[in-house]
K.L.:
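Could you have a look at this structure, given as structure tokens, before my questions?
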Amino acid sequence: QVMTGQLFYWVSSICFGEFEVTDDINSLVLWVDGSSGLVLLPGLLGCAICLGGWISYFALVGWVRRQQAKPFYEEGQRLDLIEKQWKEQRRKLAPELVDSSACEENWQALEDFHREALEMVLTSQPPLETE
């Protein structure tokens, strides 16, 4: 698509015919035989390539979403299992950090918290699916 855009920009005269803003609208012809009209054969091919690119892009996006749906759902289930525990640990940590300024102990406490949260995520198991 980028190359087609470059083609349209740099050599638009081989892709498109001419139609001035002041020309009579009744004389506008979009396509005749590829060698005359507003859209010429290279312009039509370029538009078709762009359309094919967009169709391919949307097909790829749909496929990727379908492939990611189950792993994302399972990860969401794992995170739901530890959400309450994680929030409780965060509530306990917050008052401790409020009373003091940014210092080495605070950074260490935050690092410890993040390490514990990561361990919770890694050790949690998603609930068994019943189908």
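Note that the numbering runs from 1 along the sequence shown for the chain. Bear in mind that the values here come from a model prediction, so they are computed numbers and not experimental data. For the numbers below, each heavy atom of this structure counts, side chains included, while hydrogens, waters and symmetry mates do not.
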K.L.:
Give, for atom CG of Leu60 and atom CD1 of Ile55, the distance between the pair rounded to the nearest 0.5 Å.
P.N.:
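Reported value, rounded in 0.5 Å steps: 14.0 Å.
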K.L.:
Passes side chain to side chain contact (heavy atoms under 4.5 Å, CB included), Glu88 versus Lys84? Steps please.
P.N.:
CA-CA 6 Å; Glu88 186 60 36; Lys84 191 173 183 177; 5.8 Å; no
K.L.:
Can you tell me how far apart CH2 (Trp63) and CD (Gln68) are? Round to the nearest 0.5 Å.
P.N.:
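CD of Gln68 is found 9.0 Å from CH2 of Trp63.
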K.L.:
Closest approach of Phe19 and Ile25, non-hydrogen atoms and distance?
P.N.:
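Residues Phe19 and Ile25, closest heavy atoms: CZ-CA, 4.1 Å.
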K.L.:
Decide yes or no on side chain to side chain contact (heavy atoms under 4.5 Å, CB included) for Trp31 and Leu38, but give the supporting numbers first.
P.N.:
CA-CA 6 Å; Trp31 175 265; Leu38 186 61; over 6 Å; no
K.L.:
Please evaluate residues Glu75 and Leu79 with respect to the criterion side chain to side chain contact (heavy atoms under 4.5 Å, CB included), reporting the C-alpha separation (whole Å), side-chain torsions for both, the decisive distance (0.1 Å), and the verdict.
P.N.:
CA-CA 6 Å; Glu75 189 64 26; Leu79 293 174; 4.2 Å; yes
K.L.:
Answer whether the closest heavy-atom distance between the side chains of Phe16 and Val11 falls below 4.5 Å.
P.N.:
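Phe16 does not reach Val11 side chain to side chain.
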K.L.:
Could you tell me the separation between the CZ atom of Arg78 and the CD atom of Glu83, rounded to the nearest 0.5 Å?
P.N.:
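Here the rounded value is 15.0 Å.
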K.L.:
Could you report the tightest heavy-atom contact between Leu40 and Gly17, atom names first, then the distance?
P.N.:
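Minimum heavy-atom contact is CG-N, 3.9 Å.
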K.L.:
Which atom pair, heavy atoms only, marks the closest approach of Pro42 to Ile14?
P.N.:
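Pro42 and Ile14 have their closest heavy atoms at CG-O, 3.3 Å.
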K.L.:
Which distance, rounded to the nearest 0.5 Å, do you find between the CG of Leu7 and the CG of Leu45?
P.N.:
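These two atoms lie 10.0 Å from each other.
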K.L.:
Flag the pair Glu119 and Arg115 as a salt bridge only when some basic side-chain nitrogen lies within less than 4.0 angstrom of an acidic carboxylate oxygen.
P.N.:
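Here Glu119 does not pair with Arg115 in a salt bridge, since their nearest N and O are not under 4.0 Å apart.
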K.L.:
Using side-chain heavy atoms (C-beta onward) and a distance below 4.5 Å, is Gln1 in contact with Trp54?
P.N.:
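When only atoms from C-beta onward are counted, Trp54 and Gln1 do touch, with a gap below 4.5 Å.
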K.L.:
Who pairs with Arg66 by side chain to side chain donor-acceptor pair (under 3.5 Å), at least two apart in sequence or on another chain?
P.N.:
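For Arg66 there are no side chain to side chain donor-acceptor pair (under 3.5 Å) partners, ignoring immediate neighbours.
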K.L.:
Given side chains that start at C-beta, do those of Arg65 and Val61 come closer than 4.5 Å, heavy atoms only?
P.N.:
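Yes; the side chains approach each other to less than 4.5 Å.
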K.L.:
Enter the distance from Leu30:CG to Leu28:CG here, rounded to the nearest 0.5 Å.
P.N.:
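Leu30 CG to Leu28 CG: 5.0 Å, rounded to 0.5 Å.
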K.L.:
Just wondering, more than 12 heavy atoms not from Gln6 lying within 6.0 Å of its CD?
P.N.:
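Counting neighbours around CD of Gln6, more than 12 heavy atoms of other residues, nucleotides or ligands fall under 6.0 Å, so yes.
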